[in-house]
Colleague: 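Once you've had a glance at the structure underneath, I'll fire off some questions.
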Amino acid sequence: MKKVLAASALLATLSACALLQSPPAPALNDNELALPADYKSWPRFLPPVNRTDVKQIREIYVNPTGHSGSTREGGFPYGTQFVMEIYSATPNADGTLAKGNLNKVFVMGKDKGWGVGAPESLKNGEWIYSAYLPDGKPSGDNTGACRGCHLPLAPKDFVARYDEYFDKRAK
Ligand code: HEC
């Protein structure tokens with residue numbers, strides 16, 4: 001009888017522990033990473049990118065995990081997220097760009113086991129992609145296109161402006 005009591009006490013303790021432990025975060029796929037509410041308070045990844053070729057200004061933020069946990073040698077850690085705002089822009093007479101409306105907000109994030117649902121030929125490590133309109137609704141962009149364009153950047157952890165970022169940080 002004593003043994004049974006001890007065993008059930010142990011079981012109760014074990015299940016209480018299981019309840020206290022937060023469940024593992026689910027592994028996400030494309031379009032499942034929400035637009036982070038607080039990204040404007042994150043560090044700037046780089047100064048705004050002026051894309052005169054496509055008449056856009058792009059403003060890129062990186063979350064504190066990605067900013068403080070990344071190294072040029074090791075790339076970006078699990079938990080990194082990037083947000084890129086895409087503004088339309090009109091050329092000024094002097095060749096600079098005048099910033100127009102915000103059109104889209106692109107999000108890119110990486111964590112353990114993410115992106116398993118992506119086609120094998122378009123796997124970008126464990127990075128996933130989401131795209132939003134300025135009001136936060138999904139923009140409907142095809143994330144296969146994101147993957148196709150970022151795929152050749154595999155040696156740079158799939159991040160386009162990798163070298164520029166680490167060059168800037170080294171200064
Ligand atoms: C035509 C190629 C192309 C496509 C398609 C593309 N990207 Fe990018 N992406 C780039 C380039 C190049 C940059 C660097 C900024 C620049 O030069 O405009 C970039 C930068 C980014 C960044 C900032 C971090 C970095 O890599 O420097 C994020 C976030 C991002 N893209 C997300 C997306 C998402 C989400 C999609 C799909 C909805 C997407 N991209 C589609 C080429 C592409």
Side-chain angles (χ1 to χ4, degrees), residues 27-91 95-111 114-171:
L28 303 183
N29 285 297
D30 285 356
N31 290 319
E32 292 177 353
L33 183 55
L35 181 61
D38 59 342
Y39 74 84
K40 280 188 192 271
S41 68
W42 291 357
R44 291 273 183 164
F45 183 57
L46 286 170
V49 176
N50 290 316
R51 290 285 305 261
T52 37
D53 54 338
V54 288
K55 297 194 178 65
Q56 290 177 353
I57 292 177
R58 300 176 166 187
E59 304 208 1
I60 310 172
Y61 299 83
V62 59
N63 70 349
T65 301
H67 188 58
S68 58
S70 55
T71 60
R72 196 194 289 267
E73 298 70 33
F76 290 88
Y78 284 149
T80 296
Q81 291 183 22
F82 289 103
V83 169
M84 180 164 73
E85 293 182 323
I86 301 181
Y87 293 84
S88 57
T90 36
T96 58
L97 285 177
K99 192 165 152 185
N101 292 331
L102 177 62
N103 290 330
K104 286 196 183 157
V105 188
F106 284 1
V107 187
M108 178 176 174
K110 171 186 182 176
D111 217 327
W114 284 13
V116 279
E120 209 51 50
S121 62
L122 286 177
K123 286 242 158 70
N124 277 205
E126 290 157 292
W127 290 102
I128 56 167
Y129 298 85
S130 302
Y132 296 94
L133 296 170
D135 65 4
K137 295 206 176 81
S139 70
D141 279 70
N142 169 16
T143 56
C146 324
R147 291 179 167 278
C149 219
H150 281 256
L151 186 62
L153 304 164
K156 305 289 178 191
D157 202 8
F158 305 94
V159 174
R161 295 197 174 254
Y162 190 97
D163 284 329
E164 267 170 82
Y165 172 68
F166 289 109
D167 289 349
K168 181 191 78 168
R169 260 183 32 178
K171 277 181 199 147

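Each ligand, and each atom within it, is numbered from 1 in the order the structure gives.
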Colleague: Who gets closest to atom 1 (C) of ligand 1 by heavy atom: C149, P152, A160?
Modeller: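 Heavy atom nearest to atom 1 (C) of ligand 1 belongs to C149.
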Colleague: Given A131, C146, G66, G109, which has its nearest heavy atom closest to atom 38 (C) of ligand 1?
Modeller: C146
Colleague: Is it the case that E85 and Y39 place a side-chain donor and acceptor less than 3.5 Å from each other?
Modeller: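 Yes, Y39 and E85 have a side-chain donor paired with an acceptor closer than 3.5 Å.
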Colleague: Closer than 3.5 angstrom, by distance alone: can the side chain of S130 be matched with the main-chain N or O of V107 as a donor-acceptor pair?
Modeller: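 Not a single qualifying donor-acceptor pair exists.
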Colleague: What atoms of ligand 1 come closer than 4.0 angstrom to any heavy atom of R58?
Modeller: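 The atoms of ligand 1 under 4.0 Å from a heavy atom of R58 are 16 (C), 18 (O).
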Colleague: Is L153 close enough to touch ligand 1? Criterion: a residue heavy atom under 4.0 Å from a ligand atom.
Modeller: no
Colleague: Within the 3.5 Å criterion, strictly below it, is a donor on Y61 or R44 matched to an acceptor on the partner's side chain?
Modeller: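 A pair is found: one side chain offers a donor N or O, the other an acceptor, under 3.5 Å apart.
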Colleague: Please could you name the atoms of ligand 1 that M108 approaches to less than 4.0 Å, counting only its heavy atoms?
Modeller: 28 (C), 29 (C)
Colleague: For ligand 1, find out whether one of its N or O atoms is nearer than 3.5 Å to an N or O atom of S130.
Modeller: no
Colleague: Does at least one non-hydrogen atom of T143 fall below 4.0 angstrom from an atom of ligand 1?
Modeller: no
Colleague: Would you find more than 12 non-hydrogen atoms of other residues, nucleotides or ligands less than 6.0 Å from K168 atom NZ?
Modeller: yes
Colleague: On a heavy-atom basis, which atom in A118 and which in N29 lie closest, and how many Å separate them?
Modeller: N-OD1, 4.3 Å
Colleague: Where does Q56 meet ligand 1, judged by heavy-atom distances below 4.0 Å: at the side chain, the backbone, both, or neither?
Modeller: neither
Colleague: Rounded to the nearest 0.5 Å, what's the gap from NZ on K156 to NE2 on H150? Could you check?
Modeller: 15.5 Å
Colleague: Below 30° counts as parallel, above 60° as perpendicular, anything between as tilted: where do the rings of F76 and W127 land?
Modeller: perpendicular
Colleague: Do any nitrogen or oxygen atoms of D141 lie less than 3.5 angstrom from nitrogen or oxygen atoms of ligand 1?
Modeller: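 Such a contact does not occur with ligand 1.
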Colleague: Measuring from L97:CG to Y87:OH, what's the distance to the nearest 0.5 Å?
Modeller: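 The distance works out to 14.0 Å.
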Colleague: Name the closest protein heavy atom to atom 27 (O) of ligand 1, giving the residue it belongs to and the distance to 0.1 Å.
Modeller: R161 N, 3.1 Å
Colleague: If you count the atoms of ligand 1 from 1 in the order shown, which ones are under 4.0 Å from a heavy atom of F45?
Modeller: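 Those atoms are 27 (O).
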Colleague: Would you mind listing which atoms of ligand 1 come within a distance below 4.0 Å of any non-hydrogen atom of V159?
Modeller: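 Under 4.0 Å from V159, ligand 1 has these atoms: 25 (C), 26 (O), 27 (O).
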Colleague: How far is atom 23 (C) of ligand 1 from the closest protein heavy atom, and which atom is that?
Modeller: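 Result: I60 CG2, 3.6 Å.
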Colleague: Within 2.8 Å of atom 8 (Fe) of ligand 1, is there any N, O or S atom belonging to H150?
Modeller: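 A backbone or side-chain N, O or S atom of H150 is under 2.8 Å from atom 8 (Fe) of ligand 1.
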Colleague: Give me the residue, atom name and distance of the protein heavy atom closest to atom 32 (C) of ligand 1.
Modeller: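 Nearest neighbour among protein heavy atoms for atom 32 (C) of ligand 1, to 0.1 Å: F106 CB, 3.8 Å.
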Colleague: Could you walk me through whether Y78 and E126 pass the side chain to side chain donor-acceptor pair (under 3.5 Å) check?
Modeller: CA-CA 9 Å; Y78 284 149; E126 290 157 292; 3.0 Å; yes
Colleague: I want to know if ligand 1 touches V49 in the polar sense, i.e. an N/O pair below 3.5 angstrom.
Modeller: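 The answer is no, given that V49 and ligand 1 share no N or O pair closer than 3.5 Å.
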Colleague: Is the closest basic N to carboxylate O distance between E59 and K40 below 4.0 Å?
Modeller: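 Looking at E59 and K40, the cut-off is not met.
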Colleague: Any idea which atoms of ligand 1 are less than 4.0 Å away from a heavy-atom of F82?
Modeller: 29 (C)
Colleague: In terms of atom number and element, which parts of ligand 1 are under 4.0 angstrom from non-hydrogen atoms of A145?
Modeller: 5 (C)
Colleague: Would you check whether Y162 reaches within less than 4.0 Å of ligand 1, judged by its heavy atoms?
Modeller: no
Colleague: Calculate, to the nearest 0.5 Å, the distance between atoms CG and CD1 belonging to N101 and I86 respectively.
Modeller: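 Atom-to-atom, N101:CG and I86:CD1 are 14.0 Å apart.
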Colleague: Where do Y129 and T143 come nearest, in terms of heavy atoms and distance?
Modeller: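 That would be O-CG2, 3.5 Å.
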Colleague: Quick one: which ligand 1 atoms are inside 4.0 Å of a heavy atom on M84?
Modeller: 20 (C), 21 (C), 22 (C), 30 (C), 31 (N)
